[in-house]
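One structure is given here, and the rest of the page talks about it.
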There are 2 protein chains.
Amino acid sequence: MMYESLFNYIADYSRSSITKDEEDLIKNAFRPKILRKNQYFLQDGDVSKYTGFITKGAMRQYYLNKKGDEVIVNLFIENYWATDRESFFNLKPSAYNIDACEDTELLIITRADLAELMKKIPALVEMIRVMDDRHAIAAQKRLASTINNKAEDRYEELLRSNPQFIQRFPQHQIASYLGITKETLSRLKKARK
Amino acid sequence: MMYESLFNYIADYSRSSITKDEEDLIKNAFRPKILRKNQYFLQDGDVSKYTGFITKGAMRQYYLNKKGDEVIVNLFIENYWATDRESFFNLKPSAYNIDACEDTELLIITRADLAELMKKIPALVEMIRVMDDRHAIAAQKRLASTINNKAEDRYEELLRSNPQFIQRFPQHQIASYLGITKETLSRLKKARK
DNA sequence: GAAAAACAATGACATATGTCAATAAAAAAA
DNA sequence: TTTTTTTATTGACATATGTCATTGTTTTTC
């Protein structure tokens, strides 16, 4: 069932594995949430009350720029955590929207419940440390890549690092995520052949 | 003396303050390091053995791209931590250089010693959590800004968020940090007037 | 299955930024 | 001070990418 993928994820991200008791604690603390395609998980202006572990589906995080068009900052699929971190940890209104790109299943938890759980489950604390670490490294790389590489190189890089994204998200969303226009991405793909 | 700024930093970043005993533990674990201007703190290919808290001075982190020119990814001044996180935590060779832009004083510690210290000082653990958190948020913002804003807007943003940088680092390094050429930055400043 | 909506491709043109070379100005070294 | 090195400015031109409008294609909805 759903929780299995979360248990596996925790095992992957921490040395110490979790006990049956701990599994039960987790089952009690995280609750399932189902989102239909296009449904919001978080709306701009609301507090990101939950962090959600995706067990099935795909989501995106974006904001609206001055001109009013969507700028995608993150894409999420299975085994990703969806939340606006800033809003979630500081309980302040978010500037982002997060919504489902496909029918999606999540396991969600509040900040307070997560904090409680971390007191009881060391593996969870370690998981978060490792996640933060990898996250920081990945962010550094994505930034460097954005600054220094041409649109084409960044697209190639995404093809290598996250081929699933290209399958599952429409091309204009991929373009936005890469920080280029859909027209540029379209031309760049043509040129690659 | 030097350690005061570290103590203040920890106090700022965690709710629980630290005891006199904990201060002594910290003094024993972190050791002072002085770097002359232009001296390396970390060289590309070496493992980033230490993380360093800057008490005085300024540093930069950069790599050499294919063409062989320096690409600055981070600038550090007082109260910043200088390390290549990926290398420091995984003890693998770094792809970055970190060197001093001015005569610089740091308090340095190894990963192992830091881990030991974290077992003894809860405030330190919290500090790191908060740092990671803010770091992730800042990285997200910097990425979004890099992707969506024009060079000029990014410069304005830096003027607002880190005016000290503009004072202390030469303009061509600021340009590199912003991901633009020195010529573009020069022109952009002229146009602003 | 027809109509509507979302998605993708393409052309013409505009603009931001990069590149290269020259020169000037400022700072550091001798 | 003089010389050298580093830093900054400027011009001419090249290139990547954006913008806007049009059309074609695919997917969704009724």
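Here the structure is a predicted model, which means the values were calculated and not measured. Order of the sequence lines fixes the chain letters, A, B, ..., with proteins taken first and strands second; residue numbering starts at 1 for each chain.
- Nearest heavy-atom pair across A:Pro93 and A:Val47 is N-CG2, 3.9 Å.
- The separation between A:Asp69 atom CG and D:dT19 atom C1' is 12 Å, rounded to whole Å.
- Across the protein-nucleic acid pair, B:Lys182 atom NZ and D:dT10 atom P stand 14 Å apart, rounded to whole Å.
- One interatomic measurement links the two molecules: CG of B:Asn148 to P of D:dG18, which rounds to 10 Å at whole-angstrom precision.
- With rounding to whole Å, A:Leu178 atom CG is found 17 Å from D:dA16 atom P.
- Under the rule for a ring-ring contact (aromatic ring centres under 6.0 Å, His included), the partners of B:Phe53 that lie at least two apart in sequence or sit in another chain are B:Tyr9, B:Trp81.
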Under 3.5 Å between N/O atoms: give me all the protein pairs with nucleotides 20-30 of chain C, atom names plus distance.
residue: C:dC20; atom: N4; partner: B:Glu183; partner atom: OE2; Å: 3.3

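- For A:Lys20, the salt bridge (charged side-chain N to carboxylate O under 4.0 Å, His left out) test picks out A:Glu23, with sequence neighbours left out.
- Salt-bridge formation is detected for the pair B:Lys92/B:Glu86: a Lys NZ or Arg NE/NH1/NH2 atom is positioned less than 4.0 Å from an Asp or Glu carboxylate oxygen.
- Rounded to a whole Å, the CD1 atom of A:Ile180 is 15 Å from the C1' atom of D:dT19.
- A close approach under 4.0 Å does occur between a side-chain nitrogen or oxygen of A:Thr181 and OP1 or OP2 of D:dG18.
- One atom, CD of B:Glu152, and another, P of C:dT15, lie 16 Å apart when rounded to the nearest Å.
- Mapping A:Thr184 and A:Gln173 onto DNA chain C by nearest heavy atom places A:Gln173 closer to the 5' end of the strand.
- Smallest separation of non-hydrogen atoms from A:Ser87 and A:Asp46: OG-O, 4.1 Å.
- For A:Lys150 and A:Lys189, each mapped to the nucleotide of DNA chain C holding its nearest heavy atom, the one lying further toward the 5' end belongs to A:Lys189.
- Between A:Glu116 and A:Lys119 there is a salt bridge, since a side-chain N of the basic residue sits under 4.0 Å from a carboxylate O of the acidic one.
- If you measure from atom CD1 of A:Ile166 to atom P of C:dA8, you get 12 Å, rounded to the nearest angstrom.
- Residue A:Glu102 contributes atom CD, which lies 14 Å from atom P of D:dT27 at whole-angstrom precision.
- If you check D:dT7, C:dT19, C:dA9 against the side chain of B:His172, the one that comes closest is D:dT7.
- At a threshold of 4.0 Å, the pair A:Asp132-B:Arg85 does not count as salt-bridged, since none of the basic side-chain nitrogens sits closer than that to a carboxylate oxygen.
- Residue-level contact check: B:Leu185 touches neither bases nor backbone, having no heavy atom under 4.0 Å from any strand.
- When distances run from any side-chain atom of B:Lys190 to the nucleotides D:dT10, D:dG18, D:dA8, the shortest one goes to D:dT10.
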